[in-house]
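Report on the structure given below.
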Amino acid sequence: MAKKYWLVKQEPEAYSWDDFVGENGCEWDGVRNYQARNNLRAMSQDDFVLFYHSVIGKEVVGIATVEREAYPDPTATKGDWSAVDLRPFKPINRPVSLETIKNDPQLSEIPLVRNSRLSVMPLEAKHFRRVLKLGNTIL
DNA sequence: GCCAACGTTGGC
DNA sequence: GCCAACGTTGGC
């Protein structure tokens, strides 16, 4: 099956890319939004996931891969929630800011711009490649 | 710090 | 089932 592409958001003050790299990956849990949860559930092993710093930085800083597909979120005491495991793949050489993304005609329609509150979102392959290009990064 | 956008809750 | 009130997220 073809790889899919995703973007996840995290406030670096809570959990940064450096934290993520420092522990060589983590459980992506705590998502409490149905749309975001459904996106987590649609992830397949080895899909690529862009790591975006929200609030502070507001830029795409790294690439992760899906190490383990969705399983019940152990941090959820009630409700039907999911987590995945992500692992760092490589950093973005030149982080791609939200401003750059908004000003790029090829990227102005991605969910990051259209729905700023969604924390786990799908990306089209062409958009994923475009972000990498803007970030001066090759897989 | 403000507020727009969005989701959830609960009264009716 | 509608919608007002409220809470949260995240850009500015």
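Labels below follow one simple rule: chain letters A, B, ... track the order of the sequence lines, proteins then strands, and each chain is numbered from 1.
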Item to check | Distance in angstrom units between A:R32 CZ and B:dT9 P, rounded | outcome: 13 Å
Next on the checklist: What is the distance, to the nearest angstrom, from the CD1 atom on A:I56 to the P atom on B:dG1?
Outcome noted: 14 Å
Item to check | Phosphate-side-chain proximity, A:Y34 and B:dC6, N/O vs OP1/OP2 below 4.0 Å | outcome: no
Checklist entry - What is the distance, rounded to the nearest whole Å, between atom OH of A:Y15 and atom P of C:dT9? => result 19 Å
Item to check | Listed nucleotide nearest any side-chain atom of A:K58, set C:dC12, C:dG10, B:dC6 | outcome: C:dC12
Item to check | Expected output: side-chain A:K126 to main-chain A:Q106 donor-acceptor under 3.5 Å | outcome: no
Next on the checklist: Please report the distance, rounded to the nearest Å, between CD in A:E11 and P in C:dG10.
Outcome noted: 6 Å
Checklist outcome for this item: Whole-Å distance, A:L7 CG to C:dG10 P, equals 11 Å
Next on the checklist: What is the separation between atom OH on A:Y52 and atom P on C:dT9, rounded to the nearest whole Å?
Outcome noted: 15 Å
Item to check | A:R114 CZ to B:dA4 C1', straight-line distance once rounded to whole Å | outcome: 17 Å
Next on the checklist: It should be established whether A:K9 places a side-chain nitrogen or oxygen under 4.0 Å from OP1 or OP2 of nucleotide C:dG10.
Outcome noted: yes
Item to check | Rounded interatomic separation in angstrom, taking CE from A:M121 and P from C:dT9 | outcome: 14 Å
Item to check | pair A:R37-A:D80: side-chain heavy atoms closer than 4.5 Å | outcome: yes
Item to check | A:N93 backbone acceptor or donor facing A:T137 side chain under 3.5 Å | outcome: yes
Next on the checklist: Please report whether the ring centroid of A:Y71 lies less than 6.0 Å from that of A:W81.
Outcome noted: no
Next on the checklist: Can you tell me which nucleotide in C:dG11, C:dG7, B:dT8 comes closest to the side chain of A:R117?
Outcome noted: C:dG7
